[in-house]
Engineer: 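Pasting a structure below so you can have a look.
Remember, it's 1-based here, ligands and their atoms both numbered in the order they're listed. What you see is a predicted model; the values in this text were computed from it and never measured.
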Amino acid sequence: MSAITVRSLAVTFGRLEVLHDIDVDVPAGKFTALVGRNGSGKSTLLGAFAGGTGKTRGTIRVGTEDLLALRPAERARRIGVLPQDALSGVELTVAEVVELGLPSERSRVLAGRDRRDARAAVDRALLSVGALGLAERSLSALSGGERQRVLLARAVVGDPDVLVLDEPTNHLDPGHQFDVLSLASSSGATVIAALHTLDLAIQFADHLVVLDAGTIVSAGPPTEALTEEVLTSIFGVRGAYLPAARGRRPHLTLDQLDPGRAVMISDR
Ligand SMILES: Nc1ncnc2c1ncn2[C@@H]1O[C@H](COP(=O)(O)OP(=O)(O)OP(=O)(O)O)[C@@H](O)[C@H]1O
């Protein structure tokens, strides 16, 4: 597993610079949570790791390798991705979708024993997310939470070095939210995950990065990066940490900052 080192990263769409001056360290084999308001640039940053759209300047290193210079097939081998709203409208079975996450030499073009190995890898990945029973269903016929677990299986099936997860808990019930984040954090991979549920980020992350308006405003151990001051100034909410039970992390509770004031979302 490898650390990710980002230096002076900027991403532009046309004339719009969505990310600028990004320096991030994602520790090897640890779980890094990426948090920030809607539109702060989380998906764009994760997209830069995964070879997304937008014009990119700066450097991203995975271990000692220059990620932006890797061929797409090599990048796909190193990095497992769970994108936001992926593969909607695709008419494939669940097993076929998960197999798309295997490096091409292990995938469905193979025959005989290799073909059986590929299917075994798909089944293991589906089992790990509690979705083996969905293997022959059509992806388009799944519920939001079932689909999200299948897409996680696709991200982990090739045992990648790095897992890039964009809102992996989207659509999931509370039990599956815990399961999915436990699976990611125990995978041994270097994980970076965008999360909106800040208490889940506190419970699972080893390292936390706060993005705002396309730049990093805070990073470090979760409770130190996500202070009550950051919660107020960046997220516009009142946050408080509850005392932690022995051996556990503190839970974060959130309240509206000024409950008497009706705010337009655009005021923030
Ligand atoms: N392809 C694109 N073309 C133009 N602008 C884009 C494009 N993709 C994203 N943006 C803009 O970049 C900004 C950051 O978007 P991004 O999706 O990275 O935010 P986010 O933090 O992931 O948001 P959310 O929490 O709502 O998912 C937004 O203002 C968005 O409109």
Engineer: Are any protein N/O atoms closer than 3.5 Å to the N/O atoms of ligand 1? If there are, list each pair with names and the distance to one decimal place.
Structural biologist:
unit_1	atom_1	unit_2	atom_2	d
ligand 1	18 (O)	Ser43	N	3.4
ligand 1	18 (O)	Thr44	N	2.9
ligand 1	18 (O)	Thr44	OG1	2.6
ligand 1	19 (O)	Gly41	N	3.3
ligand 1	21 (O)	Ser40	N	3.2
ligand 1	21 (O)	Ser40	OG	3.3
ligand 1	21 (O)	Gly41	N	3.0
ligand 1	21 (O)	Lys42	N	3.0
ligand 1	21 (O)	Lys42	NZ	2.8
ligand 1	22 (O)	Ser43	N	2.9
ligand 1	22 (O)	Ser43	OG	2.9
ligand 1	23 (O)	Gly39	N	2.8
ligand 1	25 (O)	Asn38	ND2	3.1
ligand 1	25 (O)	Lys42	NZ	2.8
ligand 1	25 (O)	His196	NE2	3.0
ligand 1	26 (O)	Asn38	ND2	3.1
ligand 1	27 (O)	Gln84	NE2	3.4

Engineer: Please answer whether the main-chain N or O of Ser182 pairs with a side-chain N or O of Ser185 as donor and acceptor at a distance below 3.5 Å.
Structural biologist: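 At least one qualifying donor-acceptor pair exists.
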Engineer: Going by the rule salt bridge (charged side-chain N to carboxylate O under 4.0 Å, His left out), which residues pair with Glu229 if we only count those two or more places apart in sequence or in a different chain?
Structural biologist: none
Engineer: List the atom pairs, with distances to 0.1 Å, where a side-chain N or O of residues 195-202 and a protein N or O form a donor-acceptor pair under 3.5 Å, not counting sequence neighbours.
Structural biologist:
unit_1	atom_1	unit_2	atom_2	d
His196	NE2	Glu167	OE2	3.1
Asp199	OD1	Gln203	NE2	3.0
Asp199	OD1	His251	ND1	3.3
Asp199	OD1	Leu252	N	2.8
Asp199	OD2	His251	ND1	2.8

Engineer: Can you find a heavy atom in the side chain of Glu228 that is under 4.5 Å from one in the side chain of Tyr241?
Structural biologist: yes
Engineer: Under the side chain to side chain donor-acceptor pair (under 3.5 Å) rule, what pairs show up with a residue in residues 2-20, not counting sequence neighbours?
Structural biologist: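 As it turns out, the side chain to side chain donor-acceptor pair (under 3.5 Å) pairs with a partner in residues 2-20, which skip direct neighbours, are Ser2-Arg78, Ser2-Asp161, Arg7-Asp25, Glu17-Arg57.
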Engineer: Quick check against the 3.5 Å criterion: does Ser218 have a side-chain atom that pairs as donor or acceptor with the backbone of Ala225?
Structural biologist: yes
